[in-house]
*Asks:* 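Quick one: structure below, then a few questions.
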Amino acid sequence: MTQTASQPAPTPQSSGTTAVTGRAANASVVPSSSGFTENVPRLLNRIQTIGIVACVLFGALAATVQLLGWQANGRAAENTEQVVRAQEIQSLLLRADAVATNSFLVGGLEPPAARAEYDETIEKALRLVADAAEAQPADRQVLADLNATISDYTTSVAQARDNNRQQFPIGIAYLNDAGTLLRAEALLMIQAVVDANSDRAVDEMDAQHPWWLIVLTLLTLAVLIWLNQQVSRRFRRRVNAGLAIAALIVAILGVATAIHAGVRNDRNDALRDGAYRDAVDAATARTAANDAKALESQGLINRGSGATYEAKWDEQAAAVDYSGVLGDLWQQYVAAHQQVRDLDDAGDWEKAVELATSTADEAPTAVLNRFDTAAAERAAKAGAEASDGFGSGDGISLALIVVTILGALAAAGAVTRGIDVRRKEYF
Amino acid sequence: MRLKTGLATFAALVLLAGCGGYDETTTPKPEEPAAPSAAPPPDCTNDASALRSYAPTGDVGSGKSVQEIKKSGKLVAGVAGDTYLLGSRNPDDNQLEGFDIDLAEAIGQKIFGEPGHVEYRVITAADRIPFLQDGTVDIVARNMTVNCSRWEQVAFSTVYYDAGQKILVGSGSGIETPADLAGKKICASAGTTTVDNIRTLVPDAEIVTAPDNSRCMVKFQNGEADAFTSDDTVLAGFAAQDPYAEVLKTERLSQEPYGIGVRKDRVDLVRLINQVLEDMRADGRWKASYDEWFKDQLKVPGVQPPPVYGR
């Protein structure tokens, strides 16, 4: 029921403050028994301001959190692409080394197909380095250094090839130098790029914050409820319509955005442990496999040092841990490699070289090529899946951001209306 | 109005926060590999007595170890596979050839009476003594220097070649004597006495080291060193692979007497090898082998060192 201005307040309503009722024209303070006085219009103004600020702040902060989350997912997708790109560079460099060392075994008669593959692989790697530097400015310096190192590597390989063609054993030293440069310098650099971008990608995957949104919502609701309490204490109405509508809007927005953020977070986790992990593992296995093949050739080129290179081969082989199709292909290569080692260890170096450079289907080179192709396909597919996954749902995110802002403004409007009604009644 | 400006600032800050870049990627520094420790100083004296071997008395073919080898049908020789002119593979016919290979062939022929019984095993320098001791190879013909501390682990034939340290330079570089190396860069294999020798001889030269001789040659060819010092036989092999390199005709800067390595207890095999060396001296095979491999590059006539017995 509506209070009329002429009726005196029956009893003090709560802890020590006396509600002052009186005509608006007579809007001066009436002392009460407790000595406290209150200016209701000013109070209403304050309540309205606080309410509006709370709603608008909620809108701004909630929109900000969602915007940051949307940006983070975008960056997660980009960082994933950079990881895939960097790992492809790694695989290509070791593939080039595998091809170059295998060709060296054939002596000066390097097969033209092998030479073409080496050139193509290096070219592809260099182009990817340029792409990677453009995609992530923070990687630029390391990638520039990598470019210089790849250039030194290809020079060494060319010198090895030229000396080999002249039948000079010093070609072996040049090839060893190239291999050392690749593994001691170039690979460290590209591994740093892979690691840095992996860390960045995983950080961005964790940047959805559903709990922040929930906390924000609860805080805003608490403020609105408190305001409602303040109003109802003075106006004997339990629920102020405007404040209630505002609280409802805030609650709905809070729940919707928190659920959306939660869903994205879960999906990010699933991608991180699924497609992203798959892409990284497949690329790592491909790199290790090509490294192993190069070491197999080096073990034969550096005749008499088979045992040293075999120890390194074992290290690389341990990094390839797969079942299924990839696992089968890898086991085939392991068996073929063992045949080569058995021949060399028994003293038949020439037969070992023949097998290692044979182009037959069951020979180690062809088997490894099949593994390489399969692993490359798998890495590319999983990488694309991960990066698309991070980017999906972008439309909903943006829509929710807009809805949040509009909703917050609507809530602020509701608060204004709600308090205005009270103010009108008061006067 | 204040609210609107506040909101605008807020939005701007949010966008800025989102546009912040990442930290620069850096490569972690790799661990420095442990520097190769210098070989401990020998606790015996390297004088003429270290070169003494066993005299080839009596019937050299009747000793126990020689009979064992004859029975097995093959003489396993540990050799180098990539040291041009001493022991390396000829890609044309895939055969190993070189000065050391010729010696191994001669020894095999003495034992079996005909060629074709030598089984070659390419080994690294580090494997020479262990493989003799465990029987993986019967002899080592791999430019192995005779010295007193090695005599404590294996046995040697009498010296078959007096190698020594020399210097390789670029042709037309103007370097004719070691003194000309002052202020120039000279490469030597790390951790060897070669480095110390050259430092004493030419204190003003800048020493550049490499893990092994081949890498030193690579540095020389790439212009990172003006000269390269090592055993004259090794240098001959490198000079043969580079028309623009030549070995200076100086005195040897150190002594590296080469001997064939044999397991310590196979004294009768050593006597047989010493007999082979005397046979090669008498019928000119040693000189023919030297002329074939080293004459062109070293440009000095080869002299087979006289045998020293008495052990």
Side-chain angles (χ1 to χ4, degrees), chain A residues 52-53 56-57 59-61 63-64 67-68 70-72 74-75 79 107-109 136-143 145-146 155-156 159 163-164 166-174 176-177 180 184-185 188-193 195-197 200 301-305 307-308 347 349-350 353, chain B residues 3-4 6-7 10-11 13-15 17-19 21-30 33 74 76 78-85 87-92 94-96 119-127 131 142 210-219 221-222 237-238 240-242:
Chain A
I52 293 173
V53 166
V56 169
L57 211 56
L61 289 175
T64 305
L67 187 68
L68 289 176
W70 171 78
Q71 282 182 326
R75 283 197 294 266
N79 290 336
L109 296 167
Q136 178 55 266
D139 291 339
R140 205 172 276 152
Q141 189 54 46
V142 181
L143 289 170
D145 294 340
L146 179 67
T155 307
S156 252
Q159 286 173 304
N163 276 298
N164 201 24
Q166 310 246 37
Q167 299 184 347
F168 290 153
I170 195 168
I172 300 174
Y174 277 105
N176 286 342
D177 254 2
T180 309
E185 288 185 31
L188 285 186
M189 290 175 197
I190 192 67
Q191 188 62 42
V193 172
D195 290 341
N197 284 292
R200 288 172 193 146
I301 291 169
N302 287 287
R303 195 169 163 177
S305 301
T308 323
W349 183 85
E350 273 127 46
V353 169
Chain B
L3 206 57
K4 288 210 183 105
L7 277 175
F10 208 68
L13 283 172
V14 161
L15 284 173
C19 289
Y22 292 107
D23 283 339
E24 189 81 33
T25 314
T26 51
T27 319
K29 286 254 169 296
K74 59 183 192 242
V76 182
V79 296
D82 60 357
T83 311
Y84 206 46
L85 304 182
S88 79
R89 184 178 63 93
N90 183 335
D92 266 341
N94 256 329
Q95 299 303 313
L96 288 167
E119 182 181 295
Y120 292 104
R121 235 197 112 121
V122 172
I123 63 175
T124 64
D127 289 333
F131 279 7
R142 198 195 182 286
D212 57 39
N213 285 326
S214 296
R215 303 279 177 86
C216 249
M217 187 61 184
V218 165
K219 285 201 172 170
Q221 286 186 326
N222 282 336
F238 285 123
Q241 297 178 64
D242 187 346

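In what follows, chains are A, B, ... by sequence order, proteins preceding strands, each numbered from 1.
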*Asks:* Is B:Asp82 close to chain A through its backbone or its side chain, or both, or neither, when contacts mean heavy atoms under 4.5 Å?
*Replies:*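 Both parts, backbone and side chain.
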*Asks:* So does B:Tyr84 get a backbone contact from the side chain of B:Gln241, meaning a donor-acceptor N/O pair under 3.5 Å?
*Replies:* no
*Asks:* Could you point out which residue of A:Gln136, A:Arg200, A:Gln141, A:Arg140 forms a side-chain hydrogen bond (donor to acceptor under 3.5 Å, both in side chains) with B:Thr25?
*Replies:*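 Of all the options given, the one that passes is A:Arg200.
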*Asks:* With rounding to the nearest 0.5 Å, note down the distance linking CG in A:Asp145 to CD1 in A:Ile190.
*Replies:* 11.5 Å
*Asks:* Heavy-atom pairs under 4.5 Å with chain B - which of A:Glu185, A:Gln166, A:Gln159 has more of them than the others?
*Replies:*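 Highest number of heavy-atom pairs under 4.5 Å: A:Gln159.
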*Asks:* Is it the side chain or the backbone of A:Ile172 that comes within 4.5 Å of chain B heavy atoms, both, or neither?
*Replies:* side chain
*Asks:* Taking everything shown except A:Trp70 itself, do over 12 heavy atoms lie less than 6.0 Å from its CH2?
*Replies:*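 Counting neighbours around CH2 of A:Trp70, 12 or fewer heavy atoms of other residues, nucleotides or ligands fall under 6.0 Å, so no.
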*Asks:* Quick one about A:Gln191 and A:Asp195 (side-chain donor to acceptor, distance below 3.5 Å, no hydrogens or angles considered), yes or no?
*Replies:*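 Yes, a side-chain donor-acceptor pair sits under 3.5 Å.
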*Asks:* Among B:Asp242, B:Val79, B:Asn222, who wins on heavy-atom pairs under 4.5 Å with chain A?
*Replies:* B:Asn222
*Asks:* Check whether any side-chain heavy atom of A:Trp349 lies under 4.5 Å from a side-chain heavy atom of B:Val122, and answer yes or no.
*Replies:*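 No, side chains not in contact.
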*Asks:* Go through B:Asn213, B:Asp92, B:Asp127 and name the one with the most non-hydrogen pairs under 4.5 angstrom from chain A.
*Replies:* B:Asp92
*Asks:* Considering only heavy atoms, which portion of B:Ala240 lies under 4.5 Å from any heavy atom of chain A: side chain, backbone, both, or neither?
*Replies:*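 Backbone only.
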*Asks:* With only heavy atoms counted, which part of B:Thr26 is less than 4.5 Å from chain A, the side chain, the backbone, both or neither?
*Replies:* backbone
